[in-house]
Every structure is written in structure tokens, then in C-alpha cells.
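Just so you know, these numbers come straight off a predicted model, no measurement behind them. Nothing fancy with the numbering, it's 1 onward along the sequence. As a basis for the values below, the full set of heavy atoms in this structure was taken, side chains included, without hydrogen atoms, waters or symmetry mates.
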Amino acid sequence: MAETPRTLRLSLKTRFLLAAHSFGIRAASRSDHTVNRSVLNMFDPKAAASAKPIDGVSSFDNTIDPTRNLWFRLYAPTSTATTDSLPVIIFFHGGGFAFMAANSKSFDVLCRRLPREINAVVISINYRLAPEYKYPCQYEDGFDALKYIDGMAFENFPAKLDLGRCFIAGDSAGGNLAHHVVLKACEHTFSNIKIKGLVAMQPFFGGEERTESEIKLVGVPLISVERTDWMWKAFLPEGSDRNHSVVNVFGPNAVDISGVKFPATLLFVGGFDPLQDWQKRYHEGLKKSGKEVHLVEYPNAFHGFYCLPESPEFSLLIGEVKSFVQKQSSLT
């Protein structure tokens with residue numbers, strides 16, 4: 001259960017950025033659970049890909065299916081010797097399944113930092129958004145992206161990329177998406193991809209119950225019960241509730257995964273995240289199912305802290321992911 005948190009101390013710059021983002025989400029979220037995309041775009045600046053290295057990382061966009069706006073941005077470190085083989089991190093962005101994109105500036109900053117610090121190739125997937133496209137569209141896009149990447153037949157494919165050391169990662173809704181894509185991948189035979197681990201950054205799970213952290217953590221950055229309820233309503237099929245198996249993954253309608261060969265999981269939880277109790281239940285559910293899971297808690301971290309490089313936990317998270325990738329990559 002969540003403990004009463006200490007006061008969250010943020011710089012003026014961070015408070016301004018968070019307030020602007022929250023205002024944009026609220027302004028774009030209609031009461032009928034649709035999104036005003038024109039308003040949202042004013043508060044979601046985008047970053048272009050750059051073949052010319054920026055801080056030692058080059059990036060390229062590749063289209064999978066233009067009819068679904070399904071594409072990805074590949075980030076490759078340029079400082080690594082060309083003979084070195086690099087692991088790959090396939091990343092799914094957050095945004096409650098309804099907001100943000102692979103080229104959103106905040107995610108571009110994160111996905112540019114990861115390859116430079118970890119010495120890996122990062123592939124950030126752009127998938128369809130709710131409510132225009134409800135469940136299961138996002139999961140279908142995620143898995144189709146994996147199959148496309150497995151074929152290694154796209155432009156700017158790095159020769160040094162090692163799909164045999166593949167990690168699936170995601171933050172918030174992207175963490176939920178990553179979990180379900182991995183589950184489906186466990187049933188599929190790939191030609192080149194071998195999934196070595198799952199990195200779940202404050203994954204977006206929930207349920208009909210109100211947890212202690214949801215009740216106590218009111219007024220914290222980015223996340224509230226009202227906002228997450230809106231997101232689930234926009235995402236789920238008509239007539240579904242929050243105990244749907246893709247929301248409450250170890251709840252009353254859960255799918256038994258004890259017999260699934262699920263990879264090791266690195267799970268990040270923040271002490272100022274109202275979703276933390278659901279994330280801890282996810283941790284317990286994986287353990288009870290016999291899966292390897294490593295829990296990393298940052299008591300002073302709010303939801304989405306990793307999108308702000310000035311956050312003191314940002315570098316800590318990068319270090320944990322680097323260690324996890326190195327450890328799991330060394331296993332046969």
C-alpha cells in the first residue's frame with residue numbers, strides 16, 4: 001500500500017512544463033471521450049528525425065503501413081565501432097493510448113539519450129490512438145511492428161543491430177502495450193528476434209477498485225483518477241469496464257500466464273504516481289506466475305519523470321536499464 005508521501009519539490013521550469021502539458025491534455029479532452037487533435041498539437045511539439053548525428057546519435061523514420069500511420073523512428077549511436085554488435089530496444093511511447101507520438105519532442109529526447117548511454121539501437125514505434133482507434137488496434141500495431149522489424153528488410157537497417165538481443169520497453173500506456181505485445185510474441189516464432197527482457201516504466205494498469213495511492217495522491221503532476229478514467233473510457237470497447245483483462249492484468253478476468261515463457265522484467269515505480277499500487281500488483285502478479293521481475297522504486301518520482309532530463313531520477317533510470325540490458329544480453 002502507498003505511504004503518505006513527502007512534499008514533491010520541483011524546479012520552476014519543471015513545474016511550468018508539467019502545467020503546460022496538463023493544460024493541453026485537459027483542453028484537448030472532450031466530455032464525450034474524443035480528442036481535439038488541433039488543440040493537442042499546440043501542446044505536443046514534434047521533433048524531426050536527423051540522419052546527421054545529434055549528440056552522437058542519428059535517427060531515421062521508416063514507414064510500416066501508411067494506412068494505419070504505423071511507422072517507427074530508429075536511433076543509432078554513431079560513436080560505436082562499426083564492428084560492434086548492438087542490442088535493440090523496441091520502445092512504445094506513453095500518453096494514455098490517446099495522446100502523444102513517437103516523434104513527440106519529449107520522447108525523442110528520451111529515445112535519443114538511451115542509445116547514447118546504453119550503447120544500443122532504439123526503435124520507437126508510432127501506433128494508432130484512441131478514441132479514433134480503440135482496443136485492440138494498439139496491440140495489433142505493436143505486434144505487426146515486431147514482425148516487420150524481424151524481417152530486417154527496411155531502409156537504414158543498421159548492420160550492427162543484433163535482433164537476437166531484443167528488449168521490449170514502454171512507458172505508461174506504452175508499458176501496458178509492451179506487456180501485451182510480449183505476451184503475444186511469446187506465442188510466435190520469429191526468424192531473427194529473440195526477446196531478452198521487458199522494461200516497464202510506470203506501466204498504465206488499473207481496475208474498478210480505487211487503490212490507496214489513487215485516493216491519497218491528489219494534485220500530483222500529470223495523473224489523476226479523473227484523467228485515467230477518461231483514458232480507459234476512450235480506449236476500451238463500448239460496454240467494457242476497468243476490470244477488462246488488458247487493464248487489470250492480474251484481476252478477476254486475468255489471463256493465466258504461468259505457463260508462458262515470459263522474459264525477465266524491469267519495472268519502475270514512482271512514489272508520487274497514483275498508479276503505483278497497480279504497478280506493484282503487476283509486480284506481485286508476475287512473481288506469483290513464476291516470472292523473473294526486478295522492481296525499482298523512486299520515492300520522489302512522479303508519473304512520466306523520465307521525459308524530463310533534469311529530473312534527478314532520470315540518470316538513475318538510464319543506469320538501471322543499461323545494467324539490465326547488459327545482464328540479460330549476456331545470458332544464453
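- If you take CZ on Arg128 and CD on Gln138, they are separated by 7.5 Å, rounding to the nearest 0.5 Å.
- Listed for the Asp150 side chain is a donor-acceptor partner under 3.5 Å among the backbone atoms of Asn192.
- A donor-acceptor distance shorter than 3.5 angstrom exists from the side chain of Asn41 to the backbone of Arg37, with no hydrogens or angles considered.
- Outside the 6.0 Å centre-distance limit, the rings of His180 and Phe143 are not counted as a close aromatic pair.
- Looking only at side-chain heavy atoms (C-beta outward), Cys166 and Ile90 come within less than 4.5 Å of each other.
- In this structure, Pro252 and Glu208 have side chains that are not in contact, with every pair of non-hydrogen atoms separated by 4.5 Å or more.
- Contact check for Phe302 versus Leu308: side-chain heavy atoms found under the 4.5 Å cut-off.
- Ring geometry, Phe167 versus Phe324: the interplanar angle exceeds 60°, so the pair is classed perpendicular (tilted spans 30 to 60°).
- In this structure, Asp144 pairs ionically with Lys147, as a charged nitrogen and a carboxylate oxygen lie closer than 4.0 Å.
- Here the side chains of Cys186 and Pro263 are in contact, with some heavy-atom distance below 4.5 Å.
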How far apart are the C-alpha atoms of Lys287 and Val293, what are their side-chain angles, what is the distance that settles it, and do they pass the side chain to side chain contact (heavy atoms under 4.5 Å, CB included) test? CA-CA 7 Å; Lys287 288 202 303 182; Val293 55; 3.4 Å; yes
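- Hydrophobic clustering keeps Val199 apart from Val109 (ILVMFWY residues linked when any side-chain heavy atoms are closer than 4.5 Å, directly or through intermediates).
- Looking only at side-chain heavy atoms (C-beta outward), Glu187 and Val260 stay at 4.5 Å or farther from each other.
- Within 6.0 Å of NZ in Lys291 there are more than 12 heavy atoms belonging to other residues, nucleotides or ligands.
- One finds the CG atom of Leu163 at 11.5 Å from the CG atom of Leu86 (value rounded to the nearest 0.5 Å).
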CA sep, side-chain torsions, deciding dist, call: His303, Ser172, side-chain hydrogen bond (donor to acceptor under 3.5 Å, both in side chains): CA-CA 8 Å; His303 192 83; Ser172 193; 2.8 Å; yes
Kindly indicate, with the supporting measurements, whether the criterion side chain to side chain contact (heavy atoms under 4.5 Å, CB included) is fulfilled by Met100 and Ser106. CA-CA 9 Å; Met100 313 298 283; Ser106 57; 3.5 Å; yes
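- Heavy-atom minimum distance, Ala51 versus Ser58: O-CB, 3.3 Å.
- With hydrogens and angles disregarded, a donor-acceptor distance shorter than 3.5 Å links the side chain of Lys196 to the backbone of Leu331.
- No side-chain donor-acceptor contact under 3.5 Å links Arg113 to the backbone of Pro309.
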Given side chain to side chain contact (heavy atoms under 4.5 Å, CB included), test Phe250 with Leu286 step by step and report yes or no. CA-CA 9 Å; Phe250 290 108; Leu286 287 176; 4.0 Å; yes
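- Asn69 and Asn126 get closest at one heavy-atom pair: O-ND2, 3.1 Å.
- Checking side-chain atoms of Ser104 against main-chain N and O of Ala101 turns up a donor-acceptor pair under 3.5 Å.
- In this structure, Phe262 has its ring center under 6.0 Å from that of His179.
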Chi angles and distances behind the side chain to side chain contact (heavy atoms under 4.5 Å, CB included) call for Arg165, Gln328: CA-CA 8 Å; Arg165 293 183 288 156; Gln328 296 303 127; over 6 Å; no
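- Between atom CZ of residue Phe268 and atom CZ of residue Phe305 there is a gap of 7.0 Å, rounded to the nearest 0.5 Å.
- Remark: Lys233 NZ to Asp32 CG distance equals 11.5 Å, nearest 0.5 Å.
- Using modelled atom types and a 3.5 Å distance limit, the side chains of Tyr139 and Asn176 yield a donor-acceptor pair.
- Tested against Phe99 for a ring pair (Phe, Tyr, Trp, His ring centres under 6.0 Å), the candidates Phe43, Phe107, Trp230 yield a single pass: Trp230.
- Counting only distance, with no hydrogens or angles, the side chain of Tyr127 and the backbone of His93 share a donor-acceptor pair below 3.5 Å.
- Side chains of Val249 and Ile257 form no contact here, defined as non-hydrogen atoms less than 4.5 Å apart.
- Under the 4.0 Å criterion applied to side-chain N and carboxylate O atoms, Arg68 and Glu140 are not assigned as salt-bridge partners.
- Judged purely by atom type and a 3.5 angstrom limit, Ser213 has no side-chain atom pairing as donor or acceptor with the backbone of Leu275.
- The distance from atom CG of Asp277 to atom CG of Leu217, rounded to the nearest 0.5 Å, is 8.5 Å.
- Salt bridge annotation for Arg210-Asp229: present, with a cationic side-chain nitrogen under 4.0 angstrom from a carboxylate oxygen.
- For the pair Ile318 and Leu114, the minimum side-chain heavy-atom distance is below 4.5 Å.
- Inter-residue side-chain proximity for Phe72 and Tyr148 is flagged as met; some heavy-atom pair is nearer than 4.5 Å.
- Stacking of Arg281 on the aromatic ring of Trp278 is recorded, both the 6.0 Å distance cut-off and the 45° axial limit being met.
- Of the possible polar contacts, none joining the Glu297 side chain to the Gly271 backbone as a donor-acceptor pair under 3.5 Å is found.
- When atom types are taken as modelled, the side chain of Asn253 and the backbone of Asn243 share a donor-acceptor pair closer than 3.5 angstrom.
- Salt-bridge formation is not detected for the pair Glu238/Lys134: no Lys NZ or Arg NE/NH1/NH2 atom is positioned less than 4.0 Å from an Asp or Glu carboxylate oxygen.
- In this structure, Glu320 CD and Leu267 CG are separated by 11.5 Å, a value rounded to the nearest 0.5 Å.
- Side chain of Lys46 to backbone of Asp44: a donor-acceptor contact under 3.5 angstrom is found.
- For CZ of Phe190, the number of neighbouring non-hydrogen atoms (other residues, nucleotides, ligands) closer than 6.0 Å is greater than 12.
- Tracing side-chain contacts under 4.5 Å through hydrophobic residues (I, L, V, M, F, W, Y), one reaches Phe314 starting from Phe91; they form part of the same cluster.
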